[in-house]
Amino acid sequence: MNFKKRKKQIISKLKAIGTMITLFAIRTNMVFAAEGENTTIGTAEVQQATDNIKRVITSIAMPLGGVLIFASVVVAAIKMIANSNNPQKRSESIGSLAWICGGGVILGASLIIAGIIINIATNNSGNLLGS
């Protein structure tokens with residue numbers, strides 16, 4: 001009994017130490033910026049970064065999401081066909097279509113939110129707000 005109690009105390013102390021180390025690691029303030037000329041971010045860099053983000057979203061996220069949704073619908077359809085004789089399993093596979101629709105809505109919303117954030121951050125001009 002005493003051994004278990006001591007073990008719990010040691011584990012709780014180790015958890016506290018780990019938490020403190022993590023908090024100190026997060027809290028460190030390091031800045032690696034140089035002073036002088038050519039250290040500011042110009043319009044060209046912001047425009048290039050914005051274009052890169054838009055390109056990644058349109059060339060990777062949208063097609064990948066579409067392929068995943070299509071594959072999920074195909075798998076659900078195959079499950080419905082395979083379970084045509086079992087009403088309970090067939091209703092479960094029909095219920096998976098709701099999850100697929102939910103995933104599609106989340107994907108679409110995330111793409112819309114990413115576009116809104118990019119437009120707000122750059123004021124749709126390539127310049128960061130406040131600069």
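Computed from a predicted structure; not experimentally measured.
Residue Ser110 is tested with Ile113, Leu107, Ile112 for a side chain to side chain contact (heavy atoms under 4.5 Å, CB included); the sole match is Leu107.
Taking CG of Leu14 as the start and OG1 of Thr19 as the end, the distance is 10.5 Å to the nearest 0.5 Å. Atom CG in Asn83 sits 9.5 Å away from atom OG in Ser91 (nearest 0.5 Å). Thr22 contributes atom OG1, which lies 10.0 Å from atom CE of Met20 (distance to the nearest 0.5 angstrom). Rounding to the nearest 0.5 Å places CD1 of Ile11 at 5.5 Å from NZ of Lys7. The line from NZ of Lys13 to CD of Gln9 is 6.0 Å long, rounded to the nearest 0.5 Å.
Remark: Ile94 pairs with Met80, Arg90 by the side chain to side chain contact (heavy atoms under 4.5 Å, CB included) rule, at least two apart or across chains.
Here the closest heavy-atom approach between residue Ile100 and residue Ala76 is recorded as CD1-CB, 4.1 Å.
Hydrophobic clustering (ILVMFWY, side-chain heavy atoms < 4.5 Å, transitive): Ile106 and Leu97 are in distinct clusters.
In Asn52, the CG atom is crowded: over 12 heavy atoms of neighbouring residues, nucleotides or ligands sit closer than 6.0 Å.
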